[in-house]
Number of protein chains: 2
Amino acid sequence: MKRKITLKHIARELEVSISTVSKALKNSEEISRDTKEKVQAFAKLYNYKPNNVAISLKNKRTKNIGVIIPEIVHHFFTTVFRGIEQYANQKGYNVIVCVSDESFDKEVINMELLANGSVDGFIMALSAETQLKNDYNHLKEVTEQGIPLVLFDRVADEVVCDKVLINDREIARQAVNKLLDQGRKRIALVTTDNYLNVSNKRARGYFDALEDRNRAIDENLIIKLPYTYLGMDKVPIQAFFEKEAVDAAFCVNEMFAVHCMRVAQDMGLKIPEDISFIGFTDGILSQYASPTLTTVAQHGQQMGEIAAKMLIERVEQENDDDEEEVFQTKVIEATLIERDSTING
Amino acid sequence: MKRKITLKHIARELEVSISTVSKALKNSEEISRDTKEKVQAFAKLYNYKPNNVAISLKNKRTKNIGVIIPEIVHHFFTTVFRGIEQYANQKGYNVIVCVSDESFDKEVINMELLANGSVDGFIMALSAETQLKNDYNHLKEVTEQGIPLVLFDRVADEVVCDKVLINDREIARQAVNKLLDQGRKRIALVTTDNYLNVSNKRARGYFDALEDRNRAIDENLIIKLPYTYLGMDKVPIQAFFEKEAVDAAFCVNEMFAVHCMRVAQDMGLKIPEDISFIGFTDGILSQYASPTLTTVAQHGQQMGEIAAKMLIERVEQENDDDEEEVFQTKVIEATLIERDSTING
DNA sequence: CAGGCCTACGAAAACGGTTTCGTGTTAATA
DNA sequence: TATTAACACGAAACCGTTTTCGTAGGCCTG
């Protein structure tokens, strides 16, 4: 087992000082050609690589960024992560991921742990619990220490920092307008039980679209499902579809949409003729469902790239003096991908 | 902006030495009750937290583990990651994730970067390219330096380290046997284009099952699809089903299975009556497909937990002396989850 | 009253680097 | 020949901890 070699080893072996070795490896002008060659050859031979931790301590820069997300077994978050990781890596940064599991406490603990020097900045989407509690002190503490923070998708107005979003409300409005264009009369809103930030925005887009046409909002057309993947009971959905004579459904995620499509099909309804569906999140489910699902693509990867870019720029702009920082919110345009669950054209 | 406070600050402020502060915060017997109280109060007031990087340097332990996986937007890998992250976090470790993107070079670069002190050990699944190249020098270099490594799922016999696997071959055999039990005569094997390690094992399980019944292997019943999610051409699959009069298909992943099911349905075949399907990976696709897909659950999360446990145990057992290490390979039993794409009972 | 022993603390080394500054040697210049 | 500048290198500080060891002062004991 050949242990890692350090500057000290090289110095001792070559009978020069540590500083000389350090400079020689950096090709400093100060060092003679002879010495440089000798040192570099030796370093190469023994595969010397500087210790990242020591460099971090010296530079007060870890080249790590912390990503805290509510879930990882989740298509949208993984795509965002993909974007972050790709951009960060290309810029020489590593990514430490923590999953808050939608829990406020875990979010706080992870954040505090990483904030003690482990990362140069944070990218995160708030946990459901945090949004419910409306408690953002852990975020404030971090930003007050001068650690950059970028929030994406699940953001909070109360937190002052850079943000990356999609135009949830507007794209929802467009989606519902599309259904209205096709002559749909009774469009259901299939949403989550307790309003998450984003579901809320999507619901407002749904309302906007109805208002655009001066259509009254019918509370009976709104159904709330528990925010869990499996075990959704089909009975209430079927009852809902029958009772309300629903002819289209706008769903706040793809799982709800696919699930509802199945219920409709079991009822003997034809998709998209009798009933159309639009979902949110362009994951594999949407692509492989039958019929394939018309859905809103959130461009998660792009979102991740932008978040990483914003963060790294903040990290690298030496913000020594306490000039007032100006934070920005970047809005990414979502796109409606039309497939077979709606009438095309 | 209140910067992080250090021992030095506390020492200066309280007019004691740094060592005293350090000891006082650790409640050392050496320090008088008075001083301890004073220091601890001050530290609490200013929210002192030791700097992780300095501690890492001192301890030669980062409490970070590196995870290198081929893909992240992928159900199985995220579930494994979930298990790793959960176990590691509970043990006070953070997880740095790098995505190799199935590329040998990226795998090597990331690994070398992290090996220079950033992590205490690695958990990884080999990239496709690495398996094809059969080049594992980057892994050997790391293990030779005494950095623990655990491989999962996509492993290589050439690498000497701890491993976590599922019984791919055996479960595939069981799955195909189940189809045979149900009287299926022409069972297709739907696999990947260039044999990945795991696909290979699954294929061998398929062969095993046929051999169990002394059934000849019909090469015509094997179809290879490109390892990509989308844009799979339906025509060759349809032609294949028709020509070979396939009455069941064993697919090496769930995407292939769902895609093939759709083709079969479009051909007017009834599932599972006319044709049955079994897939691999129990993701949302399997759960939401129609009909729901009978599939092999790989228990990714459990795999991740075990991998993390193995790694952390290695990391924490001071392996000072160079006693011969004994590595173990842990095999997790996969389970066949029966749903509607096969005949039940 | 000298010697020994606690008590309570500080100095310093160590982890592995980077960087500033000082200095001995040589060669060029006045 | 004395001064000076360039060259090549080393000492030491620093990043923020932990930990070993040394010691000043007080008290007890013989």
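By convention in this document, chain letters (A, B, ...) are assigned in the order of the sequence lines, proteins followed by strands, and residues within each chain are numbered from 1.
- Taking a 6.0 Å sphere around CD of A:Gln90, one finds it holds more than 12 heavy atoms contributed by other residues, nucleotides or ligands.
- Ring centers of B:Phe77 and B:Phe81: at least 6.0 Å apart, outside the cut-off.
- Distance alone, capped at 3.5 Å, places no donor-acceptor pair between the B:Ser22 side chain and the B:Ile18 backbone.
- Among all heavy-atom pairs drawn from B:Tyr48 and B:Ile5, the shortest one is CD1-O, 3.4 Å.
- Pairs passing the side-chain hydrogen bond (donor to acceptor under 3.5 Å, both in side chains) check and including a residue from residues 151-164 of chain B, sequence neighbours excluded, read B:Glu102-B:Arg154, B:Asp162-B:Arg314.
- Residues A:Leu149 and A:Cys161 approach most closely at O-CB, 3.4 Å, considering heavy atoms.
- Among the protein residues, B:Thr35 comes within range of the sugar-phosphate backbone only, with heavy atoms under 4.0 Å from sugar or phosphate atoms but none that close to a base.
- Overall, the helix from C:dC1-D:dG30 to C:dA30-D:dT1 carries an axis bend of 80° between its ends, with five pairs at each end and the value rounded to 10°.
- Between B:Tyr87 and B:Asn89, the side chains place no donor N or O within less than 3.5 Å of an acceptor N or O (distance only, hydrogens not considered).
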Output side-chain donor-acceptor pairs under 3.5 Å for residues 106-113 of chain A, partner residues at least two apart or in another chain, one line each.
unit_1, atom_1, unit_2, atom_2, d
A:Lys106, NZ, A:Asp101, OD2, 3.2
A:Glu107, OE1, A:Ser127, N, 2.9
A:Glu107, OE1, A:Ser127, OG, 3.3
A:Glu107, OE1, A:Thr130, OG1, 3.2
A:Glu107, OE2, A:Thr130, OG1, 3.1
A:Glu107, OE2, A:His138, NE2, 2.8
A:Asn110, ND2, A:Lys106, O, 3.1

Could you go through nucleotides 10-12 of chain C and list every protein N or O atom that sits under 3.5 Å from one of its N or O atoms, giving the distance for each pair?
unit_1, atom_1, unit_2, atom_2, d
C:dG10, OP1, B:Ser17, N, 3.2
C:dG10, OP2, B:Ser17, N, 2.8
C:dG10, OP2, B:Ser17, OG, 2.9
C:dG10, OP2, B:Thr20, OG1, 2.0
C:dG10, O6, B:Lys23, NZ, 2.5
C:dA11, N7, B:Ser19, OG, 3.2
C:dA11, N6, B:Ser19, OG, 3.1

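- Rounded to whole angstrom, the span from the CD atom of A:Glu29 across to the C1' atom of C:dT19 amounts to 16 Å.
- The backbone N or O of B:His74 sits less than 3.5 Å from a side-chain atom of B:Thr78, completing a donor-acceptor pair.
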Check nucleotides 13-16 of chain C against the protein and report each pair of N or O atoms closer than 3.5 Å, with its distance, or say if there are none.
unit_1, atom_1, unit_2, atom_2, d
C:dA14, N3, B:Lys58, NZ, 3.0
C:dC15, OP2, A:Lys8, NZ, 2.8
C:dG16, OP1, B:Lys60, NZ, 2.8

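- Among the protein residues, B:Ser32 comes within range of the sugar-phosphate backbone only, with heavy atoms under 4.0 Å from sugar or phosphate atoms but none that close to a base.
- Residue A:Lys140 places its NZ atom among more than 12 non-hydrogen atoms of other residues, nucleotides or ligands, all under 6.0 Å distant.
- Nucleotides of DNA chain D that come within less than 4.0 Å of any heavy atom of chain B span, from the 5' end to the 3' end, D:dC15 to D:dC21.
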